[in-house]
Number of protein chains: 2
Amino acid sequence: MKDLVSRCPIEEVMQVLSGRWPTLLIYYLQEGTKRFSELQRDNPTVSHRMLTLELRKLEQAGIVQRTVFEGYPLRVEYDLTQAGMKLVPLIDALGDWWMATDDTRADMTEEKV
Amino acid sequence: MKDLVSRCPIEEVMQVLSGRWPTLLIYYLQEGTKRFSELQRDNPTVSHRMLTLELRKLEQAGIVQRTVFEGYPLRVEYDLTQAGMKLVPLIDALGDWWMATDDTRADMTEEKV
DNA sequence: CTAGGGTTACAAAAAAGTGCGTAATTTACT
DNA sequence: AGTAAATTACGCACTTTTTTGTAACCCTAG
């Protein structure tokens, strides 16, 4: 992520949501408060490092709230913020659009015989 | 883009829309039919390689229609498909959300003094 | 020594940029 | 008239940049 001085809101929001993890994390956080390790379990293929990086990015973007509970072992909880929750239906709408346009699309899943 | 066998529509749609160019290209194509070179002019920083790759991806995803007019110099036109046009308001909604949540966000644009 | 939630340095992989080549016709120059 | 150059939309190979993964280390109470 370089400049983020794009003047175009769509470009900016896509900079946050682009990639494999952001929408997935939002999806899982939609289920409720989650701890770091729960998110790891929800998504076994994300590396430890990516998970921290992406959560930080979402936090900076005001989508995710990070709460640290001091004490040992350390506990950190993640939730969607108000803004993050408002984003959920928009992302869902994209998923719905994708499913609805299934037929109009060259099948990208199989044709690699 | 590796497998795209994700079973999750959101993951799949994000695989198409992720990155800097897809939404931008959709935005410019929304203005009407464009030729390759026009899109290049609309967006001076995209390399011709990326432009071809991204347009092909959008074509495969059923978002963009590519029409070749034989003859020399070769002419190729790009438009949004019906499905592509339906996607536009969803992307706009993301932009609106981004602007609306401007205040709830750690300022990512300046703080690098 | 473990758990939890990291950070950091280094390495591998993926994505993006660069520049040359191509086609057939038109325009430009001499 | 003859040759050179430009045009359009790429493809291909190569290099650079960016992103992601790996592994090691940190901290502290129990």
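Residue numbering restarts at 1 for every chain, and letters A, B, ... go by the order of the sequence lines.
Taking atom CG on B:Asn43 and atom C1' on C:dG17, their separation rounds to 15 Å, with Å as the unit. If you take CZ of A:Arg56 and C1' of D:dT19, they are 18 Å apart, rounded to a whole angstrom. A straight line from CZ of B:Arg35 to P of D:dT7 spans 13 Å, rounded to a whole angstrom. The CD-P distance, from B:Glu54 to C:dA15, rounds to 10 Å in whole Å. Atom CE of B:Met50 and atom P of C:dA15 are 9 Å apart (whole Å). With rounding to whole Å, B:Tyr72 atom OH is found 8 Å from C:dT25 atom P.
The CE atom of A:Met14 sits 13.5 Å away from the CH2 atom of B:Trp21 when rounded to the nearest 0.5 Å.
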Listing, residues 80-96 of chain B side-chain donor-acceptor contacts under 3.5 Å, not counting sequence neighbours, or none:
residue	atom	partner	partner atom	Å
B:Thr81	OG1	B:Gly62	O	2.6
B:Thr81	OG1	B:Ile63	O	3.2
B:Thr81	OG1	B:Ala83	N	3.4
B:Thr81	OG1	B:Gly84	N	3.0

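Neither B:Phe69 nor B:Tyr72 shares a network with the other; the hydrophobic side chains, linked directly or stepwise wherever heavy atoms of I, L, V, M, F, W or Y lie under 4.5 Å apart, form separate groups for each.
For B:His48 against D:dG11, a side-chain-to-base donor-acceptor contact under 3.5 Å is present.
Closest to the side chain of B:Pro73, out of C:dG19, D:dT7, C:dG17, is D:dT7.
Electrostatic pairing of B:Arg35 and B:Glu38 does not count as a salt bridge here, judged by no charged N lying under 4.0 Å from a carboxylate O.
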